[in-house]
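Shown next, in structure tokens, is the structure this report addresses.
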Amino acid sequence: MRTSFGLSLMLLCVALASRGAVAQALPELPTMPAASTTADAAPRPWGLQAQWSLLGYTDRLFGTADLPQARTQAQRLALDLRRDDSLRGGWRYGLSARLERVWVIDADPGAPDRAGALGSLREAWVSHALRDAGSTGFVDLGRINWRLGAGSGYNPGDFFKTRAVRSSTSQDPGSLRLERLGVFMLRGQWLGEQGAWTLALAPRLTARHSDDDGAYSLAVERTNGHAAGLLRWAPRLAERVSLDLQLFRREGERVQLGANATWLASDALVFHTEVAFGRRPALAGPAATSAASSPLWRARAAVGGTLTLPAGIELTLEWQHTGDALSRSDWDEWRRATDAATQIRLGALARERVAQQEPLVRANAFFRAAWRQPFGVADLDLSAFVQLNTFDHSRTWQLRASQGLGGRWALSAQVGALQGAPDTEYGSSSLKRYGSLQLSCAF
């Protein structure tokens with residue numbers, strides 16, 4: 001399967017070479033967002049972007065004589081394709097794929113080697129519309145990135161997100177949702193006077209659960225390692241209020257319940273709430289005899305609002321609660337433990353939560369600001385976000401600017417950091433600062 005997918009991507013590049021091809025991305029290193037944010041500068045009949053990036057990051061914020069500061073520079077070339085189009089007879093299709101190659105040009109001897117190639121088939125699906133008097137239905141089949149939830153920085157009810165991020169080009173939660181792998185599924189939707197019903201069934205396609213997939217693998221162990229099903233109902237409510245309810249079950253796990261609601265309080269203010277309930281074990285401190293407690297009903301939630309100012313500035317503030325994450329006392333126990341074995345366990349626990357796209361501690365806060373065409377500058381977009389661990393006050397932040405250069409070209413820049421005391425969540429991260437400069441051409 002890996003060989004055939006790699007060959008398919010090579011054929012795709014050859015077939016589209018006359019339209020222009022080549023782009024780039026770096027696994028595990030935060031860099032520039034993908035085509036969605038930079039390709040709006042020009043029409044994209046094929047949704048194809050060629051990208052070149054200059055990347056850099058610092059592994060340690062402060063160096064010492066024994067452990068100097070580690071800096072790495074790299075270049076990345078990538079081809080990013082996103083296509084969604086109509087066919088005859090009520091049919092549609094979608095395709096999203098990315099082929100990337102990274103060259104490390106200046107690396108600290110002790111820095112991890114992130115060079116290499118990666119090919120990812122994010123989406124490949126077909127859809128057929130079914131219409132009769134008073135209602136409409138759709139049947140979708142293939143790999144689909146179904147992004148659920150109303151939250152901005154955290155989506156507790158986005159049940160298909162687990163392990164789906166294969167390579168990250170940004171730490172922005174919105175970019176991670178867009179760039180992740182879709183799930184192979186059969187999905188049926190029905191829209192009537194009472195609202196919309198959706199049923200999705202995802203089969204188990206492999207018995208292997210390791211994420212150590214090949215460079216050109218379909219990586220089905222990330223998205224379809226277990227069978228899953230989701231039922232969703234979105235009733236018709238007031239014009240300014242939306243609601244949807246979900247029932248989700250994954251093989252080997254208990255039933256999960258989800259709900260999303262938004263309220264347009266005014267033309268400039270929108271509130272959102274996203275919650276998920278289920279019987280889950282909770283993470284425990286380092287002295288616990290097992291990694292987690294007994295399964296109990298626990299809630300995950302993201303509650304916030306977005307204010308749009310007259311100048312076009314959007315401000316979003318969100319409070320996040322994860323009932324199965326570490327409590328304040330448990331997190332303090334992990335922070336006080338200094339032996340090597342405990343630190344290794346904590347590192348493994350943190351990496352697992354990142355793979356699941358779930359917070360490590362129970363209480364977090366998120367802030368985002370975005371400004372389109374600041375001071376009237378055409379094709380310029382500015383954005384920033386901060387994710388805060390409210391227990392230890394460590395944080396990660398990112399600033400981004402994108403400027404359309406006219407026609408098909410765009411230039412983007414991004415800087416970010418993970419900050420806090422050495423015994424905090426983000427302060428203990430090996431990655432301290434990062435930045436990138438990206439030039440994109442859309443076809």
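The distance from the CZ atom of Arg249 to the CG atom of Leu231 is 14.5 Å, given to the nearest 0.5 Å. Taken to the nearest 0.5 Å, the CZ atom of Arg180 stands 8.5 Å off from the NZ atom of Lys161. Residue Leu437 holds its CG atom at 9.5 Å from CG of Leu55, rounded to the nearest 0.5 Å. Thr306 OG1 to Glu314 CD: the interatomic distance, rounded to the nearest 0.5 Å, is 7.0 Å. Atom OG of Ser96 is separated from atom CD1 of Ile144 by 12.5 Å, given to the nearest 0.5 angstrom. Rounded to the nearest 0.5 Å, atoms CD (Glu123) and CZ (Phe184) are 11.0 Å apart.
At a threshold of 4.0 Å, the pair Glu193-Arg236 does not count as salt-bridged, since none of the basic side-chain nitrogens sits closer than that to a carboxylate oxygen. Here Arg240 pairs with Asp267 in a salt bridge; the nearest charged N to carboxylate O distance falls below 4.0 Å. Ion pairing between Asp158 and Arg300 fails under the 4.0 Å rule for side-chain N and carboxylate O. Remark: Asp80 engages Arg82 in a salt bridge, criterion side-chain N to carboxylate O under 4.0 Å. With respect to Asp324 and Arg279, no salt bridge is recorded, no charged nitrogen being found less than 4.0 Å from a carboxylate O.
Evaluation of the side chain to side chain contact (heavy atoms under 4.5 Å, CB included) rule for Leu315 yields Leu309, Ile313, Phe367, Ala369 as partners, not counting sequence neighbours. Scored by the side chain to side chain donor-acceptor pair (under 3.5 Å) test, Trp397 finds Gln419 as partners (sequence neighbours excluded). In terms of the side chain to side chain donor-acceptor pair (under 3.5 Å) criterion, residue partners of Ser394 (sequence neighbours excluded) are, by chain and number, Asp392.
For the pair Leu269/Thr308, no side-chain contact is recorded, criterion being any heavy-atom separation below 4.5 Å from C-beta on. Taking 4.5 Å as the limit, every side-chain heavy atom of Arg395 sits out of range of all side-chain heavy atoms of Leu418. The shortest side-chain heavy-atom distance between Leu178 and Arg147 falls under the 4.5 Å cut-off. Taking 4.5 Å as the limit, some side-chain heavy atom of Tyr154 sits within range of a side-chain heavy atom of Thr322. Contact check for Phe159 versus Gln246: side-chain heavy atoms found under the 4.5 Å cut-off. For the pair Pro235 and Leu243, the minimum side-chain heavy-atom distance is below 4.5 Å. Using a 4.5 Å heavy-atom cutoff, the side chains of Arg372 and Leu380 are not in contact. The closest side-chain heavy-atom distance from Trp52 to Gln75 is below 4.5 Å.
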Walk me through it: do Ser120 and Arg166 pass the test side-chain hydrogen bond (donor to acceptor under 3.5 Å, both in side chains)? CA-CA 8 Å; Ser120 297; Arg166 193 181 188 206; 3.1 Å; yes
CA sep, side-chain torsions, deciding dist, call: Arg298, Phe277, side chain to side chain contact (heavy atoms under 4.5 Å, CB included): CA-CA 6 Å; Arg298 307 181 195 276; Phe277 298 94; over 6 Å; no
Would you check, one step at a time, whether the test side chain to side chain contact (heavy atoms under 4.5 Å, CB included) holds for Thr136 with Leu130? CA-CA 6 Å; Thr136 301; Leu130 308 172; over 6 Å; no
Would you please test Glu100 and Gln51 for side-chain hydrogen bond (donor to acceptor under 3.5 Å, both in side chains) and show each step? CA-CA 9 Å; Glu100 52 198 39; Gln51 303 167 353; over 6 Å; no
Under the side chain to side chain contact (heavy atoms under 4.5 Å, CB included) rule, what do Leu81 and Leu95 come out as? Steps first, then yes or no, please. CA-CA 7 Å; Leu81 174 65; Leu95 178 64; 3.7 Å; yes
Please evaluate residues Ser242 and Thr262 with respect to the criterion side-chain hydrogen bond (donor to acceptor under 3.5 Å, both in side chains), reporting the C-alpha separation (whole Å), side-chain torsions for both, the decisive distance (0.1 Å), and the verdict. CA-CA 5 Å; Ser242 68; Thr262 61; 2.3 Å; yes
Test log, rule ring-ring contact (aromatic ring centres under 6.0 Å, His included), inputs Trp263 and Phe271: CA-CA 5 Å; Trp263 172 40; Phe271 292 103; 5.7 Å; yes
Please lay out, stage by stage, how Arg177 and Asn155 fare under the test side-chain hydrogen bond (donor to acceptor under 3.5 Å, both in side chains). CA-CA 10 Å; Arg177 278 165 60 92; Asn155 297 105; 2.9 Å; yes
Between Arg98 and Arg122, is a side chain to side chain contact (heavy atoms under 4.5 Å, CB included) present by the stated rule, with each step listed? CA-CA 8 Å; Arg98 186 176 179 88; Arg122 295 175 298 212; 3.8 Å; yes
Could you check Arg92 against Asp84 for salt bridge (Lys or Arg N to Asp or Glu O under 4.0 Å), going step by step and ending with a plain yes or no? CA-CA 7 Å; Arg92 294 187 65 86; Asp84 181 349; 2.7 Å; yes
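Between the side chains of Glu318 and Thr316, not a single donor N or O lies within less than 3.5 Å of an accepting N or O.
A donor-acceptor pair under 3.5 Å is formed between the side chain of Arg222 and the backbone N or O of Arg163. A distance-only check finds a donor-acceptor pair linking the side chain of Asn224 to the backbone of Pro203 [under 3.5 Å]. Using modelled atom types, no side-chain atom of Gln414 and backbone atom of Ser412 make a donor-acceptor pair closer than 3.5 Å. Without hydrogens or angle criteria, Trp91 side chain to Ala129 main chain gives no donor-acceptor distance under 3.5 Å. For the pair Arg353 (side chain) and Pro359 (backbone), a donor-acceptor distance under 3.5 Å is present. Checking side-chain atoms of Glu274 against main-chain N and O of Gly151 turns up a donor-acceptor pair under 3.5 Å. Not a single donor-acceptor pair under 3.5 Å links the side chain of Glu251 to the backbone N or O of His226.
The nearest pair of heavy atoms linking Arg362 to Phe391 is N-CE1, 3.9 Å. For the pair Leu349 and Leu283, the tightest heavy-atom approach, listed with the atom from each and the gap, is CD1-CD2, 3.8 Å. Looking at every heavy atom in both residues, Arg368 comes nearest to Asp172 through NH1-OD2, 2.8 Å. Annotation for Ala150 and Asn260: closest pair N-OD1, 3.2 Å, computed over non-hydrogen atoms.
A cation-pi contact links Arg187 to Trp146, judged by a cut-off of 6.0 Å to the six-membered ring centre and 45° from its axis.
Note: Trp197 and Trp190 fail the aromatic proximity criterion, with ring centroids not under 6.0 Å apart.
Aromatic ring orientation, Phe160 versus Phe248: perpendicular (interplanar angle above 60°, classes split at 30° and 60°).
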